[in-house]
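Labels below follow one simple rule: chain letters A, B, ... track the order of the sequence lines, proteins then strands, and each chain is numbered from 1. The analysis underlying the following values was restricted to heavy atoms, covering all of them including side chains, and did not include hydrogens, waters or symmetry mates.
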Amino acid sequence: MNRKLQNNLFYASVGIAVFVCSLILLFLFGIIIWNGLPALSLDFLTNTSAEFGASGGIVYQIFGSILLIIFAALICLPIALGTAIYKSEYLKNDTVHKIINTLIYSLNGIPSVIFGIFGLIFFVNILNMGISWFVGSIILSMMILPTVTLSTYQSINSIPTVYRESSSALGLNKWQVIVQVLLPQGFSGAITGLLIGIARAIGETAPIMFIATAFSGVEFPSSFLEPVSTLPTHILALAQQATNPAALQNAWGASLVLVILVIIFSISALFIRLRHQTISKR
Amino acid sequence: MAEKVIKPNLSVVGKNQKEIIEIKNFQVWINENHILDDIQLSIPKNEITCIIGPSGSGKSTLIRSINRINDDVTGLNTQGEIIFNGLSINEKDVDVAQLRTQIGMVFQKPCVFPKSIKENVLFGIQHLKKLSKLEKLQIAEENLKAVSLWKEVSHRLNDKAISLSIGQQQRLCIARTLAVKPEVILLDEPTSSLDPVSTRAIEDMMVKLKENYTIVFVTHNIQQAKRIADNLVFICDGKLIEQGPASIIFSCSSNPQTKAYLRDEYCDC
């Protein structure tokens, strides 16, 4: 085989890889939009579900999903911020650095169903909290903690040392340097990580299906200890009655709404990151 | 924990009123590297002390030890004493943040905060005390005038500081340091990234500022030291080779190493 042919073959195979990759994505989006769009209407978005989801809308599911991730974000952010600041600004011991990194990466590698089982055993069985959306938020916050922590750490740690030195040389204490100089500049990194984490958490089914959700009969929760219904668990329930065309139709509709929510979070993350890059380049 | 407040120690001031900083047997290691070896140095009040030496000689490490900004360097170890106004600054219980309000520092590369010009001038001082709107404006004007930047920026105080030229940014950094009202200003090669005009402007400013401040100025530029220094300190390979009044060292230094460096900007010590 001559070198020119080799070169062309290589070029063709990487091109095919890109083509297959885009095709899979387009195919998935296409199917979801094609099947989901007919189910989508204002009524579908604003009505409550009936007949186990086969008719009616998904307003409780949208509400439940958003409630879960908002509280997951609120629980996660302070812990992630604290860990990131400690790791970047206070920790000098290399061994401890490595241990913390290993812990964070291990936490990221735990399969989501394990989080669900942990939640079931620890919160529901041992602490006896019952099926509650708040427990779901706690579990989701644990799941997104590594993403948010690492993203925040990277954005704080990449701020040039000269900013730390210039502000401490003016007589600022360490915490003033952190709060006044590092956090404002590192904040966009934290928010980007949070949005990426949220985009992942909103689609999770396994960690919350045993502990936070009910498939029917839920309303707006009036306390921290009530179940909600969410989009992914609703889709799961509808898929189990796939012989009913109306239920299947609504499953596609709910999937489309879920995908749109994920895209909104991912694109906001991208947008904030790009905006921050242009600011720091200026 | 009770922190030591840095007050002039009258017994020391009484003995020798002119010296504001005394460095005694000072040694620095970073990991295994012996960066500074047995430095003995005194810095007189209200004069410009220039520290010269080839790059890598330890002059930055020395000046960065005077306000303990080196504290965060990993693997740093020091021995010996630096005495400022009668207080040994390397003691564990010294409040370094307070020390740095009395010993300010300007760095090689200007570093403005992503805020307005006015907010940059006020950045240090407003964390030390509450200021009224009027006081803020007065402080901004006073210190921008001191660095002769007022005429250029008075009409756009609320513009982003990053919009200034590098030379203007460095003068803004000096104004920001002056606003805290330190007694000593340390400058670590402040003009090395600037154009000749801005460099001259900063040199002229130093000569004016020494009326009210003690200035320690690190430079690798011998001509610059000649223009502004009252006292000269020559450091090479972590050792202090010679110190004394600049006029004497420049005209008739008896030390062969100093002579060689001043002549060739090179030394093999």
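Note: B:I69 leads B:T101, B:I69, B:L186 in heavy-atom pairs under 4.5 Å with chain A. Between chain A and the options B:D72, B:N67, B:I103, heavy-atom pairs under 4.5 Å are most frequent for B:D72.
Taking the six-membered ring where the residue is Trp, A:F118 and A:F123 present perpendicular rings, their angle passing 60° and hence far from 30°. Aromatic ring orientation, A:Y90 versus A:Y86: parallel (interplanar angle below 30°, classes split at 30° and 60°).
Side chains of B:S192 and B:Q108: a donor on one and an acceptor on the other come within 3.5 Å. Judged by distance alone, the side chains of A:K87 and A:N157 never bring a donor and an acceptor atom under 3.5 Å apart.
In this structure, the portion of B:V112 lying under 4.5 Å from any heavy atom of chain A is its backbone and not its side chain. The contact between B:T177 and chain A is made by backbone and side chain atoms together, counting heavy-atom distances below 4.5 Å. Contacts between B:R176 and chain A at a heavy-atom distance below 4.5 Å involve backbone atoms as well as side-chain atoms. Heavy-atom distances place no part of B:N120 under 4.5 Å from chain A, backbone and side chain included.
Screening B:Q224, B:E189, B:K59 against B:T219 for a side chain to side chain donor-acceptor pair (under 3.5 Å) leaves a single residue, B:Q224. The side chain to side chain donor-acceptor pair (under 3.5 Å) with B:E183 is formed by just one residue from the set B:T214, B:N85, B:N46; it is B:N85.
Partners of A:F265 under the ring-ring contact (aromatic ring centres under 6.0 Å, His included) rule, at least two apart in sequence or in another chain, do not exist in this structure.
With rounding to the nearest 0.5 angstrom, the CD1 atom of B:I21 is 8.5 Å from the OG1 atom of B:T49. If you take CZ on B:F84 and CG on B:L99, they are separated by 7.0 Å, rounding to the nearest 0.5 Å.
Among residues 158-171 of chain A, the residues having any heavy atom closer than 4.5 Å to a heavy atom of chain B are, in sequence order, A:V162, A:Y163, A:E165, A:S166, A:S167, A:S168, A:A169, A:L170, A:G171. Heavy-atom proximity under 4.5 angstrom to chain B picks out A:Q176, A:Q180, A:V181, A:Q185 from residues 175-199 of chain A.
By the neighbour-count criterion of 12 heavy atoms within 6.0 Å, atom NZ of A:K92 is densely surrounded, having more than that number from other residues, nucleotides or ligands.
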Would you mind writing out the side-chain donor-acceptor pairs for residues 157-166 of chain B within the sub-3.5 Å range, not counting sequence neighbours?
residue, atom, partner, partner atom, Å
B:S163, OG, B:K160, O, 2.6
B:S165, OG, B:Q168, N, 3.2
B:S165, OG, B:Q168, OE1, 3.4

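Under 4.0 Å is where a charged nitrogen must lie from a carboxylate oxygen, and between B:K181 and B:E142 at least one such pair does.
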